[in-house]
Amino acid sequence: MTGPQPRVRFAPSPTGYFHVGSARTSLFNWLFARQQGGTFILRIEDTDAERSRPEWVSGILSAMAWLGMEPDEGPFFQSARADRHREAIDALWNGGFLYACDCTREAVIERTRNNAVPGYDGFCRDRGLERGPGRALRFRVPDEGTTVVHDLVRGDVEFPNASMEDFVCAKSNGQPLFVFANVVDDRDSAITHVIRGEDLLPSTPKGILLWHALDSVADGGIRALPRFAHLPMLVNERRQKLSKRRDPVALELYRDAGYLAVAMRNYLALLGWSPPGDQEKVDVEVLISTFRLEDVHHAPAFFDVQKLRHLNGEYIRELSLDAFVEASLPWVAPDQGAPSIAAPQAAIAPRETTSSGPTPPPGAAAPTAWRPPTDPPWPRERFDPAAFRRIAPAVQERVTTLGEVPAMIDFLFLVDPIIDPVSWEKVVADPNARSVLSAAAERYAACEWVAAVLHDETRALGDQLGLKLNKAQAPIRVAITGRGVGPPLFESLEVLGRDVTLQRIRQALDRLSSSSGTL
RNA sequence: GGCCCCAUCGUCUAGAGGCCAAGGACACCACCCUCUCAAGGUGGAGACACGGGUUCGAAUCCCGUUGGGGCUGCCA
């Protein structure tokens, strides 16, 4: 690609938490910028003051930091540019592109009820109203002709101008509206590529009209129209645009559940695009070097958590033991130096931290200390880092999210294990359970306390009772861990220690003896 | 209703006229491995929405149909 270095922007509106769809849009912008040696700009579109809150802005910033997408410029706040927007409005008004309109929404609806063409009917177009309070400013859309969007993803998309209504550029209170502020800001920041969701495609011809109008009044000089790239929507299982109300779309949800930033980023990149070759799990360097807007798929993509989980599991298993232990800390020991929000990602992809870019400007919230919303089930003082580290390799192979770690190791740190009723019922129903537990208590009391020996002892115990190891270990597992599934039993026993093991076997035996045999 | 977009296994996708009796990944099924559960290994089932063209030849190009979706706010 030739010409000036690309300048792209991600322009979210701070209306709540960070949406996975926004994350995907941001990622594609970021990938494109990194690849082209361009500039990635963050612009907060907060022109609607009533729908903007500071904490939502910091949510955007920290989510982007988590995914390793630091902006090169910004965040810029659209609300801070009101004067500039008014200036551009004046220029357009003076150029005759705008007209004042005092129609109420109700009046328009009333008037156009039976019209073939919906939307505003141009009622005020030739009334020659002066600007003033209570009067919105509308753009005089040409009656004839076609506006074509040259889209890098979809090719040329044509919009008959006659199908566009005279849209509002400035509210009756003087506030600029989205399309208008958006275009002015893109012009002023010399954006070369507008990469955003397909839902914005229908408003693009309006933006183009505005762009050329601003050119013709030389507002800020003549500016080259950016290239556009409209990304396919992310949809739910019903193939509808992801909705905040009913779909789990908050990126924070996934972070809280223990998805790694690298996995999330890799998965997001797979939505509407795929790296060359048969490999889908790829390093960010590959993402950056092979990403092409022209290769973006046209059809909407379903956000498939199953696949995300799988990828996450792969990334977790790939971690070094140290990295896994550290990444798990927020879930197992939230007080022990809970890392900042960016830390898990930094630990996993250290190269990420070398990405250049100015430090966030004043007003940008620094990444805050972060922890998952739920604490581990054991008393914090009973957590033993050394014990966790010993069992960690077995856990690492078995979890698919970090959020699953506590449930896998809770028996080590709880005073009494949490007994799963269904698993316990199977023990009660097992006629051999009592003799297995008794024999285990006997053998475990005397043998050397290492996994291999415990393994042999248990096998021998089974032989003695005519049971395969898989049958013999079952009651012991439930007695010790409370569950029928978990990390390898003998390693678990080794870490737990002889005393606690014997105590829990005795407790299980007691419970079996109680009249009901149930919990 | 109007404008616009889209259409390959259940899902994400590869596929730019012959290399495709359509490849990969997730999910699913079976087997192997195995102290449970995972992981891993091997194998299996599974798709070009439909109808017309164009062409020697179409998943790939064109038209139509059907089906989905987006937009249609003085929200962004």
> Using purine N1 to pyrimidine N3 plus N6-O4 or O6-N4 for Watson-Crick, or N1-O2 and O6-N3 for G-U wobble, both under 3.5 Å, which nucleotide pairs with B:G64?
Replying inline: B:C50
> Just checking A:G313: base, sugar-phosphate only, or nothing, at a heavy-atom cut-off of under 4.0 Å?
Replying inline: nothing
> Side-chain contact, heavy-atom cut-off 4.5 Å: A:L152 with A:H230?
Replying inline: no
> Under 3.5 Å, is there an N or O donor on one side and an acceptor on the other linking the side chain of A:S172 and the base of B:C74?
Replying inline: yes
> Which part of the nucleic acid, if any, lies within reach of A:P276 when heavy atoms closer than 4.0 Å are counted: base, sugar-phosphate only, or nothing?
Replying inline: nothing
> Which value, in whole Å, describes the distance between the C1' atoms of nucleotides B:A7 and B:U34?
Replying inline: 45 Å
> Roughly how far, to the nearest 0.5 Å, is OG1 of A:T501 from CD of A:E494?
Replying inline: 10.5 Å
>> Taking any heavy-atom pair under 4.0 Å as a contact, classify A:F167: base, sugar-phosphate, or nothing.
In response: nothing
> Across all strands, who's sitting opposite B:C28 as a Watson-Crick or G-U wobble pair, both distances under 3.5 Å?
Replying inline: B:G44
>> Please pick, from B:U13, B:C35, B:C4, the nucleotide with the shortest atom-to-atom distance to any side-chain atom of A:L201.
In response: B:C4
>> Measuring only the C1' atom in each nucleotide, how far is B:C63 from B:A27? A whole number of Å is fine.
In response: 38 Å
> Taking all atoms of both residues into account, what is the closest heavy-atom pair of A:L98 and A:C169, and its distance?
Replying inline: CD1-SG, 4.1 Å
> Taking CD from A:E491 and C1' from B:C37, how many angstroms apart are they, rounded to a whole number?
Replying inline: 14 Å
> Do the two ring centres, one from A:H193 and one from A:F32, sit under 6.0 Å apart?
Replying inline: yes
>> Tell me the interatomic distance from A:L270, atom CG, to B:G24, atom C1', rounded to whole angstroms.
In response: 11 Å
>> Whether A:K244 engages the ring of A:Y17 as a cation-pi pair (distance to the six-membered ring centre under 6.0 angstrom, angle to the ring normal within 45°) should be assessed.
In response: yes
> Given the P atoms of B:C6 and B:U60, what is the spacing between them in whole Å?
Replying inline: 15 Å
> Roughly how many Å is it from CG in A:D304 to C1' in B:A25, rounded to a whole number?
Replying inline: 11 Å
>> Distance check needed: B:U13 P versus A:F303 CZ, whole Å only.
In response: 13 Å
> Taking for each residue the nucleotide of RNA chain B bearing the nearest heavy atom, is the 5' side occupied by A:G277 or by A:Q240?
Replying inline: A:G277
> With nearest nucleotides of RNA chain B determined for A:E165 and A:G484 from heavy-atom distances, which residue corresponds to the more 5′ nucleotide?
Replying inline: A:G484
> Which of these nucleotides, B:G24, B:A27, B:C35, is closest to any side-chain atom of A:D278?
Replying inline: B:G24
> Can you tell which of B:C3, B:C5, B:C74 lies closest to the side chain of A:R138?
Replying inline: B:C74
> Does the side chain of A:Y444 pick up a donor-acceptor pair with the side chain of A:T458 at under 3.5 Å?
Replying inline: yes
>> Checking contacts here: which listed nucleotide (B:A76, B:G24, B:C74) is nearest the side-chain heavy atoms of A:T47?
In response: B:A76
> Which of residues 449-458 of chain A have a heavy atom under 4.0 Å from RNA chain B?
Replying inline: A:H455
> If we take the P atom in both B:A58 and B:A25, what is their distance in whole Å?
Replying inline: 30 Å
> Do the two ring centres, one from A:Y267 and one from A:F303, sit under 6.0 Å apart?
Replying inline: yes
>> Please pick, from B:A14, B:A7, B:C75, the nucleotide with the shortest atom-to-atom distance to any side-chain atom of A:S274.
In response: B:A14
>> Here's one to test your reading of the geometry: is the NZ or CZ of A:R24 within 45 degrees of the ring axis of A:F28 and under 6.0 Å from its centre?
In response: yes
>> Say we look at B:A38 and B:C61: how far apart would their C1' atoms be, to the nearest angstrom?
In response: 49 Å
>> For a quick check of understanding: with a heavy-atom distance under 4.0 Å over all strands, which category does A:A474 fall into, base, sugar-phosphate or nothing?
In response: nothing
>> For a quick test of reading the model: is some side-chain N or O of A:K171 closer than 4.0 Å to OP1 or OP2 of B:C75?
In response: yes
>> At 4.0 Å (heavy atoms only), tell me whether A:R483 reaches a base, stays on the sugar-phosphate, or touches nothing.
In response: nothing
>> Applying a 4.0 Å non-hydrogen cut-off, can you work out what A:R309 is touching in the nucleic acid: base, sugar-phosphate, or nothing?
In response: nothing
> B:U36 and B:A22: how far apart are their P atoms, nearest whole angstrom?
Replying inline: 38 Å
> So what does A:C103 touch, heavy atoms closer than 4.0 Å: a base, only the sugar-phosphate, or nothing?
Replying inline: base
> For A:E45, which contact category applies under a 4.0 Å heavy-atom criterion: base, sugar-phosphate, or nothing?
Replying inline: sugar-phosphate
>> Nearest whole Å is fine: how far is B:C3 P from A:I208 CD1?
In response: 19 Å
> Once you round it to whole Å, what is the distance between C1' of B:U13 and CG of A:L231?
Replying inline: 16 Å
> Can you check the A:M408 CE to B:A39 P distance for me, whole Å?
Replying inline: 11 Å
>> Given B:C35, B:G40, B:A76, identify the nucleotide with an atom nearest to the side chain of A:R317.
In response: B:G40
> Less than 3.5 Å between a donor and an acceptor, one on the side chain of A:R154 and one on the base of B:C5, is that the case here?
Replying inline: no
> So which of A:W93, A:F167, A:Y120 actually passes ring pair (Phe, Tyr, Trp, His ring centres under 6.0 Å) with A:F139?
Replying inline: A:F167
>> In this structure, how many angstroms lie between the C1' atom of B:A27 and the CD atom of A:Q306, rounded?
In response: 6 Å
> Quick one: does NZ or CZ of A:R43 land under 6.0 Å from the six-membered ring centre of A:F10, within 45 degrees of the ring axis?
Replying inline: no
> Taking atom C1' in both B:A49 and B:G44, what distance in whole Å separates the two?
Replying inline: 26 Å
>> So A:E237, base contact, sugar-phosphate only, or nothing? Heavy-atom distance under 4.0 Å.
In response: nothing
>> If I pick the C1' atom on B:G57 and the same atom on B:C19, what distance separates them, to the nearest angstrom?
In response: 14 Å
>> Can you tell me the base-pairing partner of B:C9? Count Watson-Crick or G-U wobble geometry only, both distances below 3.5 Å, and say none if there is no partner.
In response: none
> Mind checking who B:C75 pairs with, Watson-Crick or G-U wobble, both distances under 3.5 Å?
Replying inline: none
> What pair of heavy atoms forms the shortest contact from A:V153 to A:D151, and how long is it?
Replying inline: N-OD1, 2.8 Å
> B:C37, B:C35, B:A16: which one has an atom nearest the side-chain heavy atoms of A:R292?
Replying inline: B:A16
> In terms of the angle between their ring planes, are A:F324 and A:F388 parallel, tilted or perpendicular, with boundaries placed at 30° and 60°?
Replying inline: tilted
> Of all the nucleotides listed (B:A38, B:C71, B:C5), which has the minimum atom distance to the side chain of A:K241?
Replying inline: B:C71
>> Could you identify the nucleotide paired to B:C20, looking across every strand shown and requiring Watson-Crick or G-U wobble geometry with both distances under 3.5 Å?
In response: none
>> Applying a 4.0 Å non-hydrogen cut-off, can you work out what A:L308 is touching in the nucleic acid: base, sugar-phosphate, or nothing?
In response: nothing
> From B:C26, B:C35, B:A38, pick the nucleotide closest to the side chain of A:H310?
Replying inline: B:C26
>> So A:R239, base contact, sugar-phosphate only, or nothing? Heavy-atom distance under 4.0 Å.
In response: sugar-phosphate
> Taking the side chain of A:H297 as its heavy atoms from C-beta onward, which of B:C74, B:C5, B:A14 lies nearest to it?
Replying inline: B:A14
>> Looking at A:E280 and B:G24, is any side-chain donor or acceptor paired with a base atom of the opposite kind under 3.5 Å?
In response: yes
